[in-house]
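Atoms within a ligand are numbered from 1 in the order they appear, just like the ligands themselves. Sequential numbering from 1 along the given sequence is applied to the chain's residues.
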Amino acid sequence: HDQHNTYTFEALQESAQYLLDRVKMRPKIGIICGSGMEQNELCPGSLADSLENKQCFPYEEIPHFPLSTVKGHQGQMVFGYLQGVPIMCMQGRFHYYEGYPLWKCAMPVRVMKLVGVTHLIATNAAGGLNPTYKVGDIMMVKDHVNMMGFAGNNPLQGPNDDRFGPRFPPMNKAYNAYLLEIGQQVADEMSISDIVHKGVYTCLGGPNFETVAELKMLRMIGVDAVGMSTVHEVITARHCDLTVFAFSLITNQCITDYENHEEANHEEVMDVGKSRQPLLQKYRKGKEWLFIRV
Ligand code: 6GU
């Protein structure tokens, strides 16, 4: 059962200890920078780059980390201060379509937990399925549909280690209500509530974008945005009791009719990510975030 292999608690402790031995700060907030939030070339405003007193650890230097393979995705863990708050942040994540099993994709979340993180902020680029969403909008994730879980694939499969969490973790409060409220307050305060939504996200394995029929089905079951990440990270985070906030940058509108001859593509996804840096930068600097005390 190779696919249900998993990292031992001890192996992940080694990953965490490697980082703890090399950084002085003790972050409580872990951030996963998705496409559009992560680039650094041409993109000086990206979150990881704007950290102060940065310390970077390429994934290949951290014990037990898988290697990131996809073009346009960085691969390092970055520690630093964001407006004086210590954070650790993944610049580049592991995607299922790269060939990693879900438990490998999500392993850095457990490493964050063992470093001492209590709050996870996961970001991604996603296709907008809700017809009211426009390219460049932000969708705070209020819930998800675990499509890969429906198909019998889950990062928690295999033996459960109770030191992380229970065998059968609940998932009905996956996205913290208080943080969603703060996110809304920041949007209001910035007068961008017309482009900030709360919606349901789903992750498909990729790497292909969806067919029209697939998107119609997802819309029917209540999905607002579709991407290729985050859900398995959030499940792993909730399993070990991290508080979660997630949001998507809508990088394209999902095409749900046969008359529309546009096609989704990766370049468009990355370009929208870049062009929305100033907005995302402003959003994360919202005053209300400062009321989060961790
Ligand atoms: Cl349309 N689908 C998926 N699965 N991921 C995306 C996307 C669409 N647009 C950006 N990321």
Side-chain angles (χ1 to χ4, degrees), residues 32-39 43 46 68-74 90-102 105-106 121-151 153-155 195-197 199-235 246-277 279-280:
I32 304 175
C33 297
S35 311
M37 266 68 67
E38 68 183 340
Q39 316 100 311
C43 209
S46 86
S68 190
T69 59
V70 94
K71 211 178 82 198
H73 291 271
Q74 305 296 319
M90 287 182 74
Q91 192 172 22
R93 57 153 55 91
F94 303 106
H95 293 92
Y96 189 68
Y97 58 76
E98 292 176 80
Y100 308 111
L102 290 180
C105 293
I121 301 174
T123 71
N124 59 62
L129 198 47
N130 184 318
T132 68
Y133 295 2
K134 300 203 165 44
V135 170
D137 286 2
I138 292 171
M139 185 191 84
M140 299 188 281
V141 182
K142 66 173 184 194
D143 206 351
H144 71 227
V145 176
N146 182 12
M147 287 302 288
M148 296 163 89
F150 280 25
N153 194 2
N154 190 298
I195 63 161
V196 176
H197 315 279
V200 175
Y201 175 86
T202 198
C203 166
L204 291 162
N208 61 282
F209 294 111
E210 297 71 31
T211 65
V212 168
E214 287 162 352
L215 291 169
K216 280 177 191 271
M217 184 197 96
L218 293 172
R219 187 63 199 142
M220 232 184 287
I221 64 169
V223 169
D224 295 300
V226 53
M228 301 179 192
S229 66
T230 307
V231 167
H232 38 281
E233 295 156 351
V234 169
I235 289 170
F247 69 87
S248 303
L249 177 67
I250 304 300
T251 53
N252 53 288
Q253 268 173 317
C254 289
I255 292 156
T256 50
D257 69 84
Y258 292 102
E259 270 58 65
N260 188 332
H261 296 292
E262 293 168 72
E263 287 180 321
N265 65 80
H266 185 63
E267 287 63 40
E268 176 187 25
V269 170
M270 299 307 273
D271 286 349
V272 173
K274 273 181 196 155
S275 72
R276 278 309 207 183
Q277 286 296 317
L279 174 77
L280 295 168

inquiry  = Just so I know, are the side chains of H95 and S229 near enough to count as touching, which here means a heavy-atom distance under 4.5 Å?
reply    = yes
key: Partners passing salt bridge (Lys or Arg N to Asp or Glu O under 4.0 Å) against D137 (at least two apart in sequence or in another chain)   = none
query = Can you find a pair of side-chain heavy atoms, one from M147 and one from I221, that are under 4.5 Å apart?
reply = yes
With the criterion set at N/O pairs under 3.5 Å, what does the list of contacts between the protein and ligand 1 look like, atom names and distances included?
| residue | atom | partner | partner atom | Å |
| --- | --- | --- | --- | --- |
| ligand 1 | 2 (N) | E210 | OE1 | 2.7 |
| ligand 1 | 2 (N) | E210 | OE2 | 3.3 |
| ligand 1 | 4 (N) | E210 | OE2 | 2.5 |
| ligand 1 | 4 (N) | G227 | O | 3.3 |
| ligand 1 | 5 (N) | V226 | O | 3.4 |
| ligand 1 | 9 (N) | G127 | N | 3.2 |
| ligand 1 | 9 (N) | N252 | OD1 | 2.7 |
| ligand 1 | 9 (N) | N252 | ND2 | 3.4 |

inquiry  = Tell me every residue that passes ring-ring contact (aromatic ring centres under 6.0 Å, His included) with Y133, counting only those two or more places apart in sequence or in another chain.
reply    = H197
Non-neighbouring partners of H144 that pass ring-ring contact (aromatic ring centres under 6.0 Å, His included), sequence neighbours left out = Y175
Close side-chain approach of Y96 to V231, heavy-atom, < 4.5 Å = no
